[in-house]
Novice: 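Sharing a structure, written as structure tokens. Questions coming.
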Amino acid sequence: MKKIMLLAVGVAGLTLTSCGGEKPAQTVQDSTTTVVVTGPLPADDDLTRHYADTLGNRAYAITIKRTADETSKTVTDEFDQEYYDNSVSVHITRDGAEFFSKTFTKEAFEDYLTAADSSSVLLGMAYDEDKSDKGKVCLAAQIGLPGTGEGPAFTIEIPAAGGVYSIVRDTQQDTNAQENFGN
């Protein structure tokens with residue numbers, strides 16, 4: 001019995017010494033990685049929209065395509081992130097024939113912008129069905145800060161009789177960029 005008792009005490013002693021009261025080492029892996037982006041980012045994803053309308057018995061097809069413009073000046077937001085501005089290409093046919101084609105950049109709107117708008121981009125454009133009629137095709141445009149969708153809105157009026165388009169600041173701004181410009 002003494003031998004069994006000594007054996008039991010010895011096994012218990014070995015067990016306690018092997019554990020040593022310490023927890024076994026654990027391996028912790030961090031699954032997060034930091035990616036350093038150098039250079040400007042696109043302010044928005046590329047976006048193409050197609051519209052069709054009949055104005056004054058004439059069929060109009062309108063294609064508006066927004067892309068990052070790597071040739072224009074870049075803008076920097078409040079977090080020092082640099083972005084490419086956007087350019088927007090507008091192509092309009094009337095009764096199947098080319099009627100209007102132009103690529104717009106933020107510079108087309110500079111006469112209407114304030115110094116506070118210097119870090120803004122051309123967010124996008126959309127066909128404005130409500131303002132268009134047999135005398136003109138109207139497009140809505142918005143300038144704003146990258147990622148916010150907020151900023152001044154404009155109406156571009158393209159005369160149906162031909163001639164020079166006009167840009168008017170929209171003082172009745174009731175749209176937001178999320179709905180109309182695809183942000």
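Side chains are part of it too, since the values below use all heavy atoms of this structure and drop only hydrogens, waters and symmetry mates.
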Novice: In terms of side-chain geometry, is the basic nitrogen of R94 or D53 positioned less than 4.0 Å from the acidic oxygen of its partner?
Specialist: no

Novice: Do T54 and Y60 have side chains that get closer than 4.5 Å, going by heavy atoms?
Specialist: no

Novice: Just so I know, are the side chains of P146 and Y83 near enough to count as touching, which here means a heavy-atom distance under 4.5 Å?
Specialist: yes

Novice: Roughly how far apart are I62 CD1 and S132 OG, rounded to 0.5 Å?
Specialist: 6.5 Å

Novice: Supply the atom-to-atom distance L41 CG to Q81 CD, rounded to the nearest 0.5 angstrom.
Specialist: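 Separation between the atoms: 4.0 Å.
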
Novice: If we only count heavy atoms from C-beta on, is the Y84 to D69 side-chain gap below 4.5 Å?
Specialist: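 The answer is no; the side chains never approach within 4.5 Å.
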
Novice: Do V90 and M125 come close enough that some side-chain heavy atom pair is under 4.5 Å?
Specialist: yes

Novice: For residues T105 and S72, is any side-chain donor paired with an opposing acceptor at under 3.5 Å?
Specialist: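 No pair is found: no donor N or O on one side chain lies under 3.5 Å from an acceptor on the other.
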
Novice: Measure the shortest side-chain to side-chain distance between I167 and F109 over non-hydrogen atoms and say whether it is less than 4.5 angstrom.
Specialist: yes

Novice: Compute whether any side-chain donor of one residue and acceptor of the other, for T76 and E82, lie under 3.5 angstrom apart.
Specialist: no

Novice: Should we say atom CG of N57 is surrounded by more than 12 heavy atoms from elsewhere, each under 6.0 Å from it?
Specialist: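 Check fails, neighbour count at 12 or below.
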
Novice: Would you sort out whether V137 and L55 count as a side chain to side chain contact (heavy atoms under 4.5 Å, CB included), showing the intermediate values?
Specialist: CA-CA 8 Å; V137 175; L55 304 170; 4.0 Å; yes

Novice: What's the spacing between K65 NZ and S87 OG if we round to 0.5 Å?
Specialist: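 Taking NZ in K65 and OG in S87, the distance rounds to 9.5 Å.
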
Novice: Does the side chain of N86 come within less than 4.5 Å of T67's, by heavy atoms?
Specialist: no

Novice: How far apart are the C-alpha atoms of H91 and E98, what are their side-chain angles, what is the distance that settles it, and do they pass the side chain to side chain contact (heavy atoms under 4.5 Å, CB included) test?
Specialist: CA-CA 8 Å; H91 184 75; E98 186 171 308; 3.3 Å; yes

Novice: Roughly how far, to the nearest 0.5 Å, is the OG atom of S120 from the CD atom of E150?
Specialist: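 OG of S120 is found 12.5 Å from CD of E150.
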
Novice: Should F99 and T93 be marked as a side chain to side chain contact (heavy atoms under 4.5 Å, CB included) after you check the CA-CA gap, both sets of side-chain angles, and the distance that decides it?
Specialist: CA-CA 5 Å; F99 170 68; T93 61; 5.7 Å; no

Novice: Can you measure from SG (C138) to CD (E129) and round to the nearest 0.5 angstrom?
Specialist: 11.5 Å

Novice: Stepwise, does the side chain to side chain contact (heavy atoms under 4.5 Å, CB included) test hold for K131 with T155?
Specialist: CA-CA 9 Å; K131 293 182 181 176; T155 299; 3.1 Å; yes

Novice: Less than 4.5 Å apart, side chain to side chain, heavy atoms only: is that true for V75 and K73?
Specialist: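 No - every pair of side-chain heavy atoms lies 4.5 Å or more apart.
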
Novice: Given the side-chain rings of F154 and F104, with only the six-membered ring counted for Trp, is the space between their centroids under 6.0 Å?
Specialist: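 Aromatic pair excluded; centres sit 6.0 Å or further apart.
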
Novice: Can you find a heavy atom in the side chain of I143 that is under 4.5 Å from one in the side chain of L123?
Specialist: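 Side-chain contact under 4.5 Å: no.
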
Novice: Any chance you could measure E157, atom CD, to S166, atom OG, to the nearest 0.5 Å?
Specialist: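 Going from the CD atom of E157 to the OG atom of S166 covers 4.5 Å.
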
Novice: Has the side chain of D85 got a donor or acceptor atom that lies under 3.5 Å from a matching backbone atom of A68?
Specialist: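 No; zero donor-acceptor contacts below 3.5 Å.
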
Novice: Hey, can you tell me if Y127 and Y51 have their rings parallel, tilted or perpendicular (30° and 60° cut-offs)?
Specialist: tilted

Novice: Under 4.5 Å between side-chain heavy atoms, hopping through other hydrophobics if needed: is there a path connecting L122 to V168?
Specialist: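 Unlinked, L122 and V168 end up in two clusters.
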
Novice: Just jot down the side-chain hydrogen bond (donor to acceptor under 3.5 Å, both in side chains) partners of K136, sequence neighbours excluded, or say none.
Specialist: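 side-chain hydrogen bond (donor to acceptor under 3.5 Å, both in side chains) check on K136 returns D133.
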
Novice: I need the minimum non-hydrogen distance between R169 and P152, along with the two atoms involved.
Specialist: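 Result for this residue pair: NH2-CB, 3.0 Å.
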
Novice: Will you find, in the side chains of H50 and T63, an N or O donor that is under 3.5 Å from an N or O acceptor?
Specialist: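 Checked: H50/T63 side chains pair up, N/O donor to acceptor below 3.5 Å.
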
